[in-house]
Amino acid sequence: MPQTHPTRTGVVSTLKRESVTLGSFASSESPENWEKVLEGIRHMRSSEDAPVDSVGCEKAGSSLPPKERRFAVLAGTLLSSQTKDHVTHGKFLFLSKNLPVCFHDSEGIMSGAVQRLLENGLLDPYSIEKADEDTIKNLIYPVGFYTRKASNLKKVANICILKYNGDIPSSLEQLLELPGIGPKIAHLVLHIAWNDVQGICVDTHVHRICNRLGWVTRPGTNQKTKSPEETREALQKWLPKEEWVSINPLLVGFGQTICAPLRPRCGVCQINSLCPSAFKEAPRPSSKSKKSVREKLE
DNA sequence: ATCCCGGTCT
DNA sequence: AGACCCGGAT
């Protein structure tokens with residue numbers, strides 16, 4: 001698609017204010033203080049210990065030749081999608097050179113599934129196509145949506161064989177045609193497998209945090225974006241492309257440790273003075289308890 | 001024991 | 001809008 005990103009953002013020109021913006025800014029212009037916010041998050045991330053940073057990664061597929069390696073990336077990413085382990089996608093963005101298929105291993109679920117596939121020689125399209133679907137199901141069992149993923153994996157393998165000579169598609173559009181591959185995974189695979197950054201990988205953390213920061217709005221409005229895709233497009237309009245890769249693991253880790261989906265720890269957040277949503281989150285979503293009034297005020 | 005999670009597909 | 005699915009949090 002057209003590359004209409006005004007990467008030259010007028011970041012240096014505008015005079016800085018100390019006040020917190022309300023998240024409104026002219027379209028295709030950067031939100032105020034975004035660099036300060038990013039810097040603050042980086043600083044917090046350097047001292048926090050987010051799960052995404054832990055070293056529990058498997059290096060399945062690291063010694064494979066390029067074509068097999070790419071398929072392993074696609075298969076592994078497909079498996080980790082829609083699982084909480086998906087948040088660790090950010091991890092192997094950094095390790096893609098040597099460790100193309102890497103998963104956070106907090107529970108051993110994802111890495112176990114990929115490793116079992118690899119040990120059984122089921123990380124390449126030809127073996128997968130021949131393998132029984134139930135076999136794949138059993139090997140990947142603990143991961144979420146395993147039935148659907150086993151089915152999608154076989155379909156993907158078949159398509160890769162028929163249309164791509166056993167390789168994986170190299171364009172965004174072709175990746176999106178694969179069953180079970182949506183925008184998030186497609187952009188991720190494109191980057192990891194082909195080293196091609198065409199878009200920001202927006203998961204729920206990126207989606208949520210960008211909206212809290214007022215970094216993205218629906219086109220022509222001040223309303224929050226409604227979907228990760230809207231967030232991706234809005235974010236890409238102003239965020240310099242140099243940040244497109246790093247923004248995902250940065251915000252994922254931030255979202256895991258501080259800017260959590262519910263009960264964000266605004267009290268310890270170092271950029272709360274720059275965040276229009278700070279301390280504005282509903283304190284207790286479902287409150288049946290009458291105690292626990294003053295326990296979380298750190 | 002119940003609720004909640006999360007990309008993708010329908 | 002709901003189904004898919006597990007494990008984890010509550």
Side-chain angles (χ1 to χ4, degrees), chain A residues 50-52 54 56 73-93 103-117 133-134 136-156 159 169 172-192 199-211 225-233 235 248-249 251-253 255-257 259-265 281-293 295-296:
Chain A
V52 70
S54 71
V73 169
L74 178 57
T77 309
L78 179 58
L79 283 187
S80 73
S81 166
Q82 298 144 254
T83 310
K84 289 193 176 180
D85 289 305
H86 86 283
V87 298
T88 66
H89 285 172
K91 186 60 180 179
F92 68 101
L93 295 181
F103 300 100
H104 178 241
D105 194 17
S106 60
E107 309 305 324
I109 294 172
M110 270 313 304
S111 61
V114 174
Q115 194 162 9
R116 262 171 278 158
L117 284 179
E133 195 167 309
D134 286 334
I136 299 176
K137 266 172 66 173
N138 291 333
L139 288 173
I140 68 174
Y141 162 67
V143 306
F145 312 114
Y146 63 95
T147 303
R148 183 163 301 246
K149 284 174 183 172
S151 168
N152 285 340
L153 199 52
K154 280 194 69 83
K155 288 176 186 163
V156 165
I159 294 171
L172 185 66
E173 291 74 16
Q174 290 169 325
L175 283 169
L176 288 170
E177 291 172 1
L178 303 176
I181 305 290
K184 191 217 164 181
I185 301 300
H187 282 290
L188 185 65
V189 169
L190 198 59
H191 174 226
I192 301 301
I200 298 171
C201 190
V202 175
D203 57 28
T204 55
H205 291 283
V206 177
H207 179 57
R208 175 185 72 254
I209 294 170
C210 284
N211 275 291
T225 55
K226 193 178 165 293
S227 68
E229 268 299 272
E230 274 188 8
T231 298
R232 188 181 60 77
E233 287 169 3
L235 194 56
N248 179 282
L251 294 191
V252 166
Q256 287 174 331
T257 57
C259 199
L262 64 121
R263 272 201 242 165
R265 302 163 61 198
E281 210 60 32
R284 291 293 181 273
S286 63
S287 64
K288 270 189 184 173
S289 64
K290 13 196 124 176
K291 51 183 186 176
S292 78
V293 177
E295 44 188 318
K296 295 296 189 289

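In what follows, every chain begins at residue 1, and chains take the letters A, B, ... in the order their sequences are listed.
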**Q** Please give me the minimum heavy-atom distance between C259(A) and I209(A), naming the atom from each residue.
**A**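 Between these two residues, the closest heavy atoms are SG-CG1, 3.9 Å.
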**Q** Starting at atom CG of L175(A), determine the distance to atom P of dC9(B), rounded to an integer number of angstrom.
**A**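 These atoms are roughly 12 Å apart.
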**Q** Taking atom P of dG6(B) as reference, at what distance in whole Å does atom CD1 of I209(A) sit?
**A**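 That distance rounds to 11 Å.
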**Q** Rounding to an integer number of Å, can you tell me how far H205(A) NE2 sits from dC4(B) C1'?
**A**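 Value for this atom pair: 13 Å.
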**Q** Okay, side chain of R148(A), backbone of G180(A): is any donor-acceptor separation there less than 3.5 Å?
**A**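 Not a single qualifying donor-acceptor pair exists.
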**Q** For R263(A) and dC5(B), what is the distance between atoms CZ and C1' respectively, to the nearest whole Å?
**A**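 Going from R263(A) (CZ) to dC5(B) (C1'), I get 16 Å.
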**Q** Quick check: does any side chain N or O of R116(A) sit under 3.5 Å from a backbone N or O of L139(A), one acting as donor and the other as acceptor?
**A**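 Side chain of R116(A) to backbone of L139(A): a pair is present.
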**Q** Looking at T225(A), is its backbone amide N or carbonyl O close enough to the side chain of N211(A) to form a donor-acceptor pair, meaning the two atoms are under 3.5 Å apart?
**A**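 Answer holds: yes.
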**Q** Separation of L262(A) atom CG from dG6(B) atom P, in whole Å?
**A**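 Rounding to the nearest Å, CG of L262(A) and P of dG6(B) are 10 Å apart.
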**Q** Please list, for nucleotides 3-6 of chain C, all pairs of protein and nucleotide N/O atoms separated by less than 3.5 Å.
**A**
from	atom 1	to	atom 2	distance (Å)
dC5(C)	OP1	T147(A)	N	3.4
dC5(C)	OP1	T147(A)	OG1	3.4
dC5(C)	OP1	R148(A)	N	2.7
dC5(C)	O4'	F145(A)	N	3.4
dC6(C)	OP1	Y146(A)	OH	3.2

**Q** So what does P228(A) hit on the nucleic acid, given a heavy-atom distance under 4.0 Å: a base, only sugar-phosphate, or nothing?
**A**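 Contact class for P228(A): none.
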**Q** Quick one: L178(A) CG to dT8(B) P, roughly how many Å, whole number?
**A**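 Taking atom P of dT8(B) as the reference, CG of L178(A) is at 12 Å.
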**Q** Using atom P of each nucleotide, how far apart are dA1(B) and dC5(C) to the nearest Å?
**A**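 Pairwise P distance, dA1(B) against dC5(C), rounds to 24 Å.
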**Q** Nearest whole angstrom, please: distance from the P of dC5(B) to the NE2 of H207(A).
**A**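 Whole-Å distance recorded here is 13 Å.
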**Q** Would you confirm whether R265(A), through its side chain, and T257(A), through its main-chain N or O, come within 3.5 Å as a donor-acceptor pair?
**A**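 Flag set: sc R265(A) to bb T257(A) pair under 3.5 Å.
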**Q** Starting from the 5' end of DNA chain B, give me the residue, P261(A) or N152(A), whose nearest nucleotide shows up first.
**A**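 In this pair, the answer is P261(A).
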**Q** Taking L79(A)'s backbone N and O only, do any of them form a donor-acceptor pair with K149(A)'s side chain (distance below 3.5 Å, no angle check)?
**A**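 Yes; at least one donor-acceptor contact below 3.5 Å.
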**Q** As a check on the pairing definition, encode DNA chain C in dot-bracket form, counting Watson-Crick and G-U wobble pairs whose two distances are under 3.5 Å, and using | for partners outside this strand.
**A** |||||.||||
**Q** Taking the P atom of each, how far is dT10(C) from dG6(B), in whole Å?
**A**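 It works out to 14 Å between them.
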**Q** Please give me the minimum heavy-atom distance between P179(A) and K155(A), naming the atom from each residue.
**A**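 Here P179(A) and K155(A) meet closest at CG-CB, 3.6 Å.
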**Q** Could you give the CD1-to-P distance, from I185(A) to dG6(B), as a whole number of Å?
**A**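 Rounding to the nearest Å, CD1 of I185(A) and P of dG6(B) are 14 Å apart.
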**Q** Is a donor on one side and an acceptor on the other found under 3.5 Å between the side chain of K184(A) and the backbone of S81(A)?
**A**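 A pair under 3.5 Å: no.
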**Q** Both E177(A) and R208(A) contact DNA chain B. Taking the nearest nucleotide for each, which residue is further toward the 5' end?
**A**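 Of the two residues, R208(A) wins.
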**Q** The criterion is ring pair (Phe, Tyr, Trp, His ring centres under 6.0 Å); which residues satisfy it with Y146(A), sequence neighbours excluded?
**A**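 Per chain and number, Y146(A) pairs via ring pair (Phe, Tyr, Trp, His ring centres under 6.0 Å) with Y141(A).
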